[in-house]
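Indexing begins at 1, ligand by ligand and atom by atom, following the structure's order.
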Amino acid sequence: MIRKPIVAANWKMYKTPQESIHFISELNNLLLDKEKPSIIFCPPFTSLFHMNEMISDLDISLGAQNVYFENEGAFTGEISINMLKSCGVQYIIIGHSERRHIFNESNKDTNKKIHTVLENEIIPILCIGEKLEDRESNNTRAVLMEQLKDGLAGINKGMMDRIIIAYEPVWAIGTGVNALPDQVKESHAMIRKILLELYDNNLKNNIPILYGGSVKPDNSEELINTKGVDGFLIGGASLNLEMFSKIIEIVHNKFMR
Ligand code: PGA
């Protein structure tokens, strides 16, 4: 059986609750009764509660963009996994490049969060990717290895059945310059190999690997047709109804052929 591809929207710090709800109802009108890939929306925290009330009849899942690893306590400004679960969250983006590079999240922080997420039976979308300088100095593999090894420390192979990886080269995020299909193919293969290495060849070969970084309607066809790509994590283009629904259609068509 072919696994359904995944199209995840990372809305970052965009859209009020009202705008979020409006977007979903418009998208639903466009996609009504159509078969679709698995669609995951990761809006700002403030939109989750209302979106959850809305999507119960729709074929859409909710994700969060971050979580704190402690269950509760005096952690001003943070959000707990139970708070997110009570808003219907089923997925959480962990280690996004903006968390790593603007908010100085380390692989160790990422690892604590991955543990919290998996222990609570939520699916983490672990983001990894190299900076331009890493690529230019041939360090892509070393960076991906470090992010996977340290990020997944202590995660046993049984838990690896419930994880999604997003390969997002930092230089492609929000720049309008996507990674070329050959680069994506090579990195996704590298990631699969590293995972097998870390788990002594003992993993079922079915961990979905998404590509993210300037995915747009006009590059999504060749990217989704690239070997090893199981879907997308989309920032900018997911904020625009027309662009996002077009990408959904392109991804769906590929897997229906
Ligand atoms: P982008 O963002 O599609 O705007 O490049 C991707 C992401 O940050 O997940």
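Residue Ala166 places every heavy atom at 4.0 Å or more from ligand 1. Contact between Gly213 and ligand 1 is present, with at least one heavy atom of the residue lying under 4.0 Å from the ligand. Contact annotation: Ala237 has no heavy atom less than 4.0 Å from any atom of ligand 1. Not a single heavy atom of Lys216 sits closer than 4.0 Å to an atom of ligand 1.
Of the protein's heavy atoms, Gly235 N, 2.8 Å lies nearest to atom 3 (O) of ligand 1. In this structure, the protein non-hydrogen atom closest to atom 4 (O) of ligand 1 is Gly236 N, 2.8 Å. For atom 9 (O) of ligand 1, the closest heavy atom belonging to the protein is Glu168 OE2, 2.7 Å.
Less than 4.0 angstrom separates some heavy atom of His96 from each of these atoms of ligand 1: 7 (C), 8 (O), 9 (O). Atoms of ligand 1 lying under 4.0 Å from any heavy atom of Ala172, numbered from 1 in the order shown and given with element: 5 (O). Under a 4.0 Å criterion applied to the non-hydrogen atoms of Leu233, ligand 1 contributes the atoms 9 (O). In summary, the atoms of ligand 1 found under 4.0 Å from a heavy atom of Ser214, numbered by their order in the structure, are 1 (P), 3 (O), 5 (O).
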Go through Glu197 and Arg141 one step at a time and tell me if the salt bridge (Lys or Arg N to Asp or Glu O under 4.0 Å) criterion holds. CA-CA 13 Å; Glu197 224 173 286; Arg141 189 181 193 280; 2.9 Å; yes
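Residues Met160 and Leu195 have side chains in contact (heavy-atom distance under 4.5 Å, counting atoms from C-beta outward). The shortest distance between side-chain heavy atoms of Leu84 and Phe45 falls below 4.5 Å.
Taking CG from Asn201 and NZ from Lys193, the interatomic distance works out to 10.0 Å, rounded to the nearest 0.5 Å. Glu26 contributes atom CD, which lies 6.0 Å from atom CG of Asn29 (distance to the nearest 0.5 angstrom).
Contact annotation: for Ile173 versus ligand 1, heavy atoms closer than 4.0 Å belong to both the backbone and the side chain. With a 4.0 Å heavy-atom cut-off, ligand 1 is reached by no atom of Ser238.
Just one residue in the list Leu196, Ile191, Ile163 forms a side chain to side chain contact (heavy atoms under 4.5 Å, CB included) with Ile207, and that residue is Ile163.
Donor-acceptor pairing under 3.5 Å is recorded for the side chains of Glu130 and Trp171.
Residue-environment remark: NE2 (His22) stays at or below the threshold of 12 foreign heavy atoms within 6.0 Å.
Residue-to-ligand polar distances place Lys12 within reach of ligand 1: an N/O pair is separated by less than 3.5 Å. Between Gly174 and ligand 1, a contact under 3.5 Å exists for at least one N or O pair.
Between Phe244 and Phe23, the ring-plane angle classifies as tilted under the 30° and 60° cut-offs. Ring geometry for His188 against Tyr211 counts as tilted: the plane angle lies between 30° and 60°, on a 0 to 90° scale.
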